[in-house]
Number of protein chains: 2
Amino acid sequence: MKTEPLNLTPLGDSGGTPLYLQVKRALLGLIESGACRPGQSLPNETTIARGLGVSVGTLRRAVDELVHEHVLVRRQGKGTFVAQHNSERFMFQFFHVEPRADPRFGEVVQQVEYPTVECVAFERDRAGEQDTLALRIKQGEAVLRFENRLSLGGRAVVHDRIVVPASLFRGLTEKRLLDRPSTIYSLYQTEFGITVLRAQERARAVAADRTTARILGLPAGMPVLEVHRIAMTFGERPVEYRISTIHTQLHDYVSVRSRSG
Amino acid sequence: MKTEPLNLTPLGDSGGTPLYLQVKRALLGLIESGACRPGQSLPNETTIARGLGVSVGTLRRAVDELVHEHVLVRRQGKGTFVAQHNSERFMFQFFHVEPRADPRFGEVVQQVEYPTVECVAFERDRAGEQDTLALRIKQGEAVLRFENRLSLGGRAVVHDRIVVPASLFRGLTEKRLLDRPSTIYSLYQTEFGITVLRAQERARAVAADRTTARILGLPAGMPVLEVHRIAMTFGERPVEYRISTIHTQLHDYVSVRSRSG
DNA sequence: CCCAATTTGTTCGTATGTATA
DNA sequence: TTATACATACGAACAAATTGG
């Protein structure tokens, strides 16, 4: 949580791009390079602004956007921090399954329930065609595949099939996956220095295959929701490809959580 | 597109709420009340700011948020306008079906294709239990129900079952629904003064019932995606409840469209 | 084609309020 | 209480896009 003296070189003239965007990139660069680690605080606003040779207002605008993108977190009276992955963030930004509710779902804020996770498979493998396209890696490149079963209220609801490039996750074993204290994205961040910033998802309805049916405890052929997710880090680089199969008899897939108006 | 002299009374002291939020509410009130109609321009920033007795910066912050929420649209050199529903906005904000693409969907920006719409049913009815909960109306209140078939590339892909309170849409007939020149939300806005601002959606996989199977031309029992949407106007008031059944064999449900990083 | 008026976009600097330790 | 940090609010200057002459 300490404040290191950062290397804040004045910005180079970057053509016609607005100054606050240049500042944003500079900050992103500092974070991506590891000069500021997740959880650490940045220097205060006047210090950064002076270091970069811009006004406080310009810096604030850049920080505003990074806060909006969950890259930074501001706390009045305390400072500005590099965002850390925790279960709260995971539930809010990346977990899109909720118990079926009354249709006045806008009304009451649902109690969010963190799922129970079991690892049901883990293997080293080579990238197939789907993986190469999703992860932008070469055919046959080493990948890690693992599968999780997620339960809510004691019921198996989600079957995750996850594939990541082995090169980014050297030393990831089933044991380390099981022993993680927090969410999987927290593990990525803490143990491998990989920060998932956002994800793209596409959903479709399919008939449950035998494997998924067994894992979720439902008859094969039952309609289930299949969500394909590509998770990205800085520079829109894909780092994880995940196919989540969701048993949507008692739960829904909710794309965006409600906000204030 | 003309600039009427608006009734810009200075803000009343509203306790501890920040000034820019009070300004935001004042602007929302002006729009909701109909003093500024969709497509019309607002007075310029200095005029509004002076009218409300705030600085330009404070006004701009309020407008910033309203632009983010698609309530206002700013155009440099031209002015600030009350947002209008058109097909572009519909596709971007409310249409979540895309042809199945390579899994590098982050890569190429898909060509968006506006769907062909056919009305396959229209009736006056009374609200059932689901409708009362979703639309926050009383049991038995008059509603309009209609069903559309949406096609992409000549294939029937979506079956919409839409229900709206009849009280908000007096004079809506099947003919007017068919004759609309633009999107359905544009019709709501132009003909009935109802502006849909945002929507909440929940998705699940189900087996296609006979009606939907017939309309979409697929075997009954096939897994399809069922999306429940509540569309809201100002003050989070629900104005439309829609169940979209999507044939996801060649198309995906995409929750949020990609943005820049 | 250029000029001038209008409007939003960007940047600066400063002062004051509020939460935290 | 005090010091520090972010949050809000103000005002001013110049840049860039648009429109019409």
Side-chain angles (χ1 to χ4, degrees), chain A residues 1-6 8 10-27 36 39-68 71-83 260, chain B residues 1-6 8 10-27 36 39-68 71-83 260:
Chain A
M1 297 285 186
K2 67 188 170 204
T3 302
E4 293 269 341
L6 294 175
L8 295 172
L11 300 164
D13 187 337
S14 292
T17 44
L19 200 48
Y20 72 92
L21 287 180
Q22 299 178 40
V23 172
K24 191 177 160 186
R25 290 192 185 207
L27 294 175
C36 304
Q40 279 188 344
S41 74
L42 268 56
N44 69 55
E45 295 177 338
T46 51
T47 303
I48 301 181
R50 270 219 277 272
L52 295 173
V54 303
S55 75
V56 185
T58 300
L59 171 76
R60 277 189 68 82
R61 178 150 182 194
V63 173
D64 279 344
E65 295 203 358
L66 292 173
V67 168
H68 221 87
V71 176
L72 295 177
V73 175
R74 275 204 278 227
R75 267 170 272 176
Q76 187 175 358
K78 296 191 70 177
T80 303
F81 302 82
V82 181
S260 64
Chain B
M1 297 288 185
K2 67 190 170 205
T3 302
E4 292 270 339
L6 293 175
L8 294 171
L11 300 164
D13 187 337
S14 292
T17 44
L19 199 48
Y20 73 93
L21 286 179
Q22 300 178 40
V23 173
K24 192 178 161 185
R25 290 191 185 207
L27 294 174
C36 303
Q40 278 188 343
S41 73
L42 269 56
N44 69 55
E45 296 177 338
T46 50
T47 304
I48 302 181
R50 270 219 278 271
L52 295 173
V54 303
S55 75
V56 183
T58 300
L59 170 76
R60 279 189 67 83
R61 178 149 182 194
V63 173
D64 279 344
E65 295 202 357
L66 292 173
V67 167
H68 220 86
V71 175
L72 295 177
V73 175
R74 277 204 277 228
R75 268 170 273 175
Q76 187 175 0
K78 296 191 71 175
T80 304
F81 303 82
V82 181
S260 64

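Only a predicted model underlies this, so the values are computations on that prediction, with no experimental measurement involved. Each chain gets a letter, A, B and so on, in the order its sequence line appears, and its residues count up from 1.
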Rounded distance (Å) that lies between atom C1' of C:dT14 and atom CD of A:Glu45
14 Å
Would you give a per-nucleotide map of nucleotides 13-21 of chain D, 5' to 3', where B means the base has a protein non-hydrogen atom under 4.0 Å away, S means only the sugar-phosphate does, and - means neither?
---BBSS--
Would you mind telling me which residue lines up with the more 5' stretch of DNA chain C, B:Thr80 or A:Pro18, judged by nearest nucleotide?
B:Thr80
Whole angstrom value for the distance that separates C1' of C:dT20 from CZ of A:Phe81:
10 Å
Whole angstroms only, please: what is the CZ-C1' distance between A:Arg50 and C:dT11?
17 Å
Could you state the interatomic distance from CG (A:Leu27) to CG (A:Leu42), rounded to the nearest 0.5 Å?
6.5 Å
So what is the end-to-end bend of the helix from C:dC2-D:dG21 to C:dA21-D:dT2, with 5 pairs used at each end and the value given to 10 degrees?
10°
Separation of B:Leu21 atom CG from D:dT8 atom P, in whole Å?
8 Å
Interatomic distance where CG belongs to A:Leu42 and P belongs to D:dT4 [whole Å]
19 Å
Sequence neighbours excluded and cut-off under 3.5 Å, please list the side-chain donor-acceptor pairs for residues 56-63 of chain A, or say none.
{"unit_1": "A:Thr58", "atom_1": "OG1", "unit_2": "A:Ser55", "atom_2": "OG", "d": "3.1"}
{"unit_1": "A:Arg60", "atom_1": "NH1", "unit_2": "A:Glu45", "atom_2": "OE1", "d": "3.3"}
{"unit_1": "A:Arg60", "atom_1": "NH1", "unit_2": "A:Glu45", "atom_2": "OE2", "d": "2.7"}
{"unit_1": "A:Arg61", "atom_1": "NH2", "unit_2": "A:Tyr20", "atom_2": "OH", "d": "3.2"}

d(A:Ile48 CD1, A:Thr80 OG1) to nearest 0.5 Å is 6.5 Å
Can you pull out the residues from residues 55-64 of chain B that lie within a 4.0 Å heavy-atom distance of DNA chain C?
B:Arg60
Tell me: CG of A:Leu72 to C1' of D:dA5, nearest whole Å?
15 Å
Of all residues at least two apart in sequence or in a different chain, which pass the side-chain contact (heavy atoms from CB on, under 4.5 Å) check with B:Arg25?
none
Over how many whole Å does the gap from A:Leu52 atom CG to C:dT10 atom C1' extend?
17 Å
Hey, does the side chain of A:Tyr20 come within less than 4.0 Å of C:dT10's phosphate (OP1/OP2), counting only N and O?
yes
For B:Gln76, enumerate each residue passing the side-chain hydrogen bond (donor to acceptor under 3.5 Å, both in side chains) test, keeping only those at least two apart in sequence or located in another chain.
none
